[in-house]
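Shown next, in structure tokens, is the structure this report addresses.
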Amino acid sequence: MTRSQDATSRGRRFDSLAEAEALAARRLPRAMFRRLNSGAENGVTLAANRAAFQAVTFRPRGAAVHANRSTETTVLGSTVAAPILLGPVGALRLQHPEGAQAAIDAAARFGTICGISPGAGHSIAQLQPAADSALWYQVTTALGGREAAERDIEEATARGYRALVVTIDSGLRPKVAPLKLNARTAVEFAPDLVRHPRWTVGFVRDGMRVSVANTAVGASATGAGRPVEWDDIGWISASWKGPVVIKGVLTREDAQRAVEVGAAAVVVSNHGGLTLDGAPGTLTVLAEVLRAVDGRVEVLLDGGIRSGADAVKAIALGAKAVLVGRAYVMGLAVGGAAGVNRILEIFQDDMQRALAFLGCESVTELGPSHVAAPAEWMS
Ligand SMILES: Cc1cc2nc3c(=O)[nH]c(=O)nc-3n(C[C@H](O)[C@H](O)[C@H](O)COP(=O)(O)O)c2cc1C
């Protein structure tokens with residue numbers, strides 16, 4: 001039994017993401033819950049991600065329900081129980097003391113890939129891969145330059161991580177409502193903290209770690225942090241034997257560049273609306289990216305996935321799989337690993353139901369004929 005599995009019963013308390021969100025809203029201090037649900041600046045891109053999924057409708061097939069419907073597929077050679085991956089998310093320890101360890105355990109139990117952010121709050125050395133883990137590590141120059149990134153690549157290699165993620169749309173501080181939670185400013189939050197005693201006790205027991213930086217990188221880095229550059233992909237690929245995933249692609253230009261530098265996959269992503277407000281909803285540019293890469297790399301997508309049906313829409317439009325961010329963090333906040341696992345189960349169940357109505361036996365049969373999307377996305 002992994003250390004987080006004793007939380008199983010807690011994760012069963014909700015049957016939908018909406019319920020998990022309501023529970024997370026009760027459990028987390030208000031400022032933290034608000035921050036988690038915010039986008040950069042005016043939240044236009046955050047909303048655009050959701051609006052894009054709402055603009056796609058299904059084209060159901062009647063009287064064609066298959067008794068056994070499979071959500072299993074592969075992503076970069078790893079078999080996943082469903083094409084729903086956990087994206088790299090920073091500051092997880094603020095949501096739940098188990099942080100990224102809970103994500104790793106839940107993903108392994110469910111059978112999917114877990115992306116680890118160097119800003120998650122636990123260092124890569126502190127995190128224990130589970131027996132069936134399929135882990136991706138987000139390598140960055142933002143927290144300590146090349147030197148720190150190379151140390152992380154060594155750790156990722158030693159620990160059997162399967163791919164490196166290079167997020168090209170981070171490294172600059174986004175303009176989001178600041179969350180200044182530390183021992184000094186705790187006084188401001190005191191009433192909020194008193195109203196959320198379970199969270200506060202967990203936070204205090206966990207040593208009140210407010211830093212989002214990977215502790216090992218932060219402690220030992222000598223190089224200055226800087227945003228990642230395309231030229232970095234050269235030395236990253238040279239010191240890493242496995243596939244490299246470029247995350248944060250929204251244009252044909254970046255998609256082509258990712259192929260040229262040797263990426264094995266790209267993630268169509270706007271960082272969940274947390275970087276440049278005014279960037280498009282990810283689903284609206286999926287066709288542009290697919291055309292640009294022309295089958296040479298796998299294309300994944302994230303941003304705004306709030307149900308398994310959303311995942312089905314993205315896959316029908318050509319994504320190999322989707323990543324989730326906020327949705328799984330809500331489960332984490334409510335019930336640690338069991339809460340994350342519950343979100344994955346709920347999304348898988350949604351997918352199976354959608355497959356039934358679409359007359360599909362497997363998620364791999366999904367294609368453009370199963371959805372209707374705005375014509376301008378395709379042109
Ligand atoms: C609180 C938060 C922290 C994040 N931290 C990172 C990060 O450290 N690295 C990264 O590549 N993406 C990060 N992301 C982006 C996610 O990987 C993912 O792209 C995004 O959450 C998808 O959108 P969704 O939240 O609507 O599912 C973060 C997202 C959130 C909400």
Side-chain angles (χ1 to χ4, degrees), residues 17 20-21 24 28 31-40 43 45-53 84-96 99-100 103 113-122 124 136-143 149 152 163-174 176-179 181 211-214 217-218 225 227-228 244-250 266-276 279 281-283 300-308 310-311 314 319 321-333 340 343-344 347:
L17 175 60
E21 278 172 348
L28 296 175
M32 191 164 301
F33 183 75
R34 237 190 352 246
R35 167 75 198 274
L36 195 55
N37 275 322
S38 301
T45 296
L46 179 76
N49 281 344
R50 286 298 305 137
F53 281 99
I84 303 169
L85 284 49
L86 305 184
V89 172
L92 287 179
R93 219 159 160 175
L94 286 180
Q95 319 304 334
H96 192 285
I113 292 164
C114 179
I116 296 296
S117 162
H122 286 99
I124 185 168
W136 292 1
Y137 190 76
Q138 184 212 334
V139 64
T140 185
T141 51
L143 297 176
D152 272 1
L164 288 185
V165 178
V166 180
T167 299
I168 58 171
D169 64 352
S170 70
L172 289 175
R173 278 207 180 281
V176 286
L179 177 66
L181 188 62
S211 160
V212 298
N214 172 320
V217 168
V228 77
V244 172
V245 179
I246 306 275
K247 175 171 177 282
V249 171
L250 292 171
V266 297
V267 185
V268 178
S269 172
N270 53 33
H271 221 98
L274 280 169
T275 52
L276 178 62
T282 49
L283 202 58
L300 317 184
L301 178 139
D302 74 16
I305 304 282
R306 298 292 181 270
S307 69
D310 290 337
V322 299
L323 282 63
V324 290
R326 292 178 182 83
Y328 100 72
V329 176
M330 294 297 165
L332 174 73
V340 177
I343 293 289
L344 288 167
F347 281 15

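Side chains included, hydrogens not; waters and symmetry mates left out as well; all remaining heavy atoms used. Just follow the structure's listing: the first ligand is 1, and inside any ligand the first atom is 1. Residue numbers count from 1 along this sequence.
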Practice task
Check the side chains of Asp302 and Ser269 for a donor-acceptor pair under 3.5 angstrom, ignoring hydrogens and angles.
Solution key: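 Their side chains do contain a donor-acceptor pair, which is all the 3.5 Å distance test asks for.
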Practice task
For ligand 1, would you mind listing the residues that have at least one heavy atom less than 4.0 Å away, ordered by chain and number?
Solution key: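 Contacts of ligand 1 under 4.0 Å: Leu36, Pro88, Val89, Gly90, Ser117, Gln138, Thr167, Lys247, Ser269, His271, Gly272, Leu274, Asp302, Gly303, Gly304, Arg306, Val324, Gly325, Arg326.
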Problem - salt bridge (charged side-chain N to carboxylate O under 4.0 Å, His left out) against Arg326, all qualifying residues, sequence neighbours excluded - result: none
Problem - Donor-acceptor under 3.5 Å (Thr282 side chain, Leu301 main chain) - result: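 Side chain of Thr282 to backbone of Leu301, a donor-acceptor pair under 3.5 Å: no, none is there.
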Problem - Residue list, side-chain contact (heavy atoms from CB on, under 4.5 Å) with Ser307, at least two apart or on another chain - result: Ala309, Asp310, Asp350
Exercise for the section: Using side-chain contact (heavy atoms from CB on, under 4.5 Å) as the criterion, list what pairs up with Val89, not counting sequence neighbours. Expected result: Leu92, Tyr328, Val329
Completion exercise
Separation between SG (Cys114) and CG (Leu323), nearest 0.5 Å, reads 10.0 Å
